[in-house]
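This report concerns only the one structure given below.
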Amino acid sequence: VVTRDDVEESLKAVFQFVKDKEQLLQDLCSQIEETKKKIAEKQRERDYWLEYKNVGSKIHAERISSLEKDIADVKYELERTEEYYSEALKVVREENQKMFDRHMKLLSEEALKNAVGYLDKNCRREIEENEWLKEEVKIYRKEEKDLKASVQLLEEENTSLVAKLIDIKLQHLR
């Protein structure tokens with residue numbers, strides 16, 4: 001038996017879980033922003049070294065290519081990280097929605113049980129009789145359908161027999 005307190009505690013746990021996941025997402029977003037700042041800094045440094053390279057310095061050419069490679073690696077890692085966390089966020093949201101739906105279903109079932117529990121004996125008996133009557137109506141409708149089909153078959157058979165009888169009487173009259 002699930003009590004209201006159990007359901008409320010469960011919902012609190014779900015909401016805390018969602019809150020924790022959102023905080024994790026915010027932390028990840030701040031990390032992404034920091035990485036973007038690092039990329040911008042590396043880009044400025046790259047621009048400086050490209051200008052220096054164009055002036056004619058061959059000594060630092062390796063350094064420039066190394067920095068370009070670092071920038072490319074950081075961009076690649078950023079893209080991978082963004083994809084990973086967006087997928088993780090999607091999965092967490094789906095899980096949260098499923099858990100929320102399940103808890104709402106439990107709450108509605110609990111509310112129904114509580115509502116029936118507060119009804120007096122006469123109301124409960126009426127509900128039970130209503131369920132019984134619904135089942136009886138289904139049975140009678142099926143029987144009615146079957147009877148209609150058999151009546152139609154009998155009417156068709158009678159019509160054909162009457163037609164044959166009329167044909168036979170016509171033949172005897174001739």
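In this text, all values refer to a predicted model and were calculated from it rather than measured experimentally.
- Contact check for Asp20 versus Leu24: no side-chain heavy atoms found under the 4.5 Å cut-off.
- Residues Glu135 and Lys138 are in side-chain contact: their nearest non-hydrogen atoms beyond the backbone lie under 4.5 Å apart.
- In this structure, CD in Glu110 is found 8.5 Å from CG in Asp6, a value given to the nearest 0.5 Å.
- Here the CG atom belonging to Asp101 is positioned 11.0 Å from the CG atom belonging to Leu106, to the nearest 0.5 angstrom.
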Check the pair Leu11 / Leu107 against side-chain contact (heavy atoms from CB on, under 4.5 Å), numbers first and verdict last.
CA-CA 10 Å; Leu11 279 176; Leu107 281 175; 3.4 Å; yes

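- Following chains of ILVMFWY side-chain contacts shorter than 4.5 Å, one can reach Met104 starting from Phe15, so the two form part of one hydrophobic cluster.
- Note: Cys29 SG to Lys36 NZ = 9.0 Å, rounded to the nearest 0.5 Å.
- Here the side chains of Val74 and Lys42 are not in contact, with every heavy-atom distance at 4.5 Å or above.
- A salt bridge links Glu77 with Arg80; the closest basic N to acidic carboxylate O contact falls under 4.0 Å.
- Ion pairing between Arg4 and Glu8 holds under the 4.0 Å rule for side-chain N and carboxylate O.
- Shortest non-hydrogen contact noted between Ile71 and Gln43 is CD1-N, 3.7 Å.
- In terms of heavy-atom proximity, His103 sits nearest to Val7 at O-CG1, 4.5 Å.
- Within 6.0 Å of the CD atom in Glu41, the count of heavy atoms belonging to other residues, nucleotides or ligands does not exceed 12.
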Any chance you could lay out the side-chain contact (heavy atoms from CB on, under 4.5 Å) test for Arg93 and Leu89, step after step, and finish with the verdict?
CA-CA 6 Å; Arg93 283 185 178 163; Leu89 176 64; 3.7 Å; yes

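- To the nearest 0.5 angstrom, Leu78 atom CG is 12.5 Å from Asp73 atom CG.
- No donor-acceptor contact under 3.5 angstrom links the side chains of Asp27 and Gln31, judged on distance only.
- Remark: Ser65 OG to Asp70 CG distance equals 9.5 Å, nearest 0.5 Å.
- Under 3.5 Å, the side chains of Gln171 and Asp167 contain no donor-acceptor pair of N or O atoms.
- The distance from atom CD1 of Ile39 to atom CZ of Arg44, rounded to the nearest 0.5 Å, is 12.0 Å.
- Looking at Lys148, Arg141, Lys142 one by one, the single match for salt bridge (Lys or Arg N to Asp or Glu O under 4.0 Å) with Glu144 turns out to be Lys148.
- By the rule that hydrophobic residues join a cluster once side-chain heavy atoms approach within less than 4.5 Å of another member, Tyr84 and Leu28 end up as members of one cluster.
- Using a 4.5 Å cut-off on side-chain heavy atoms (C-beta onward), Met99 and Val18 make no contact.
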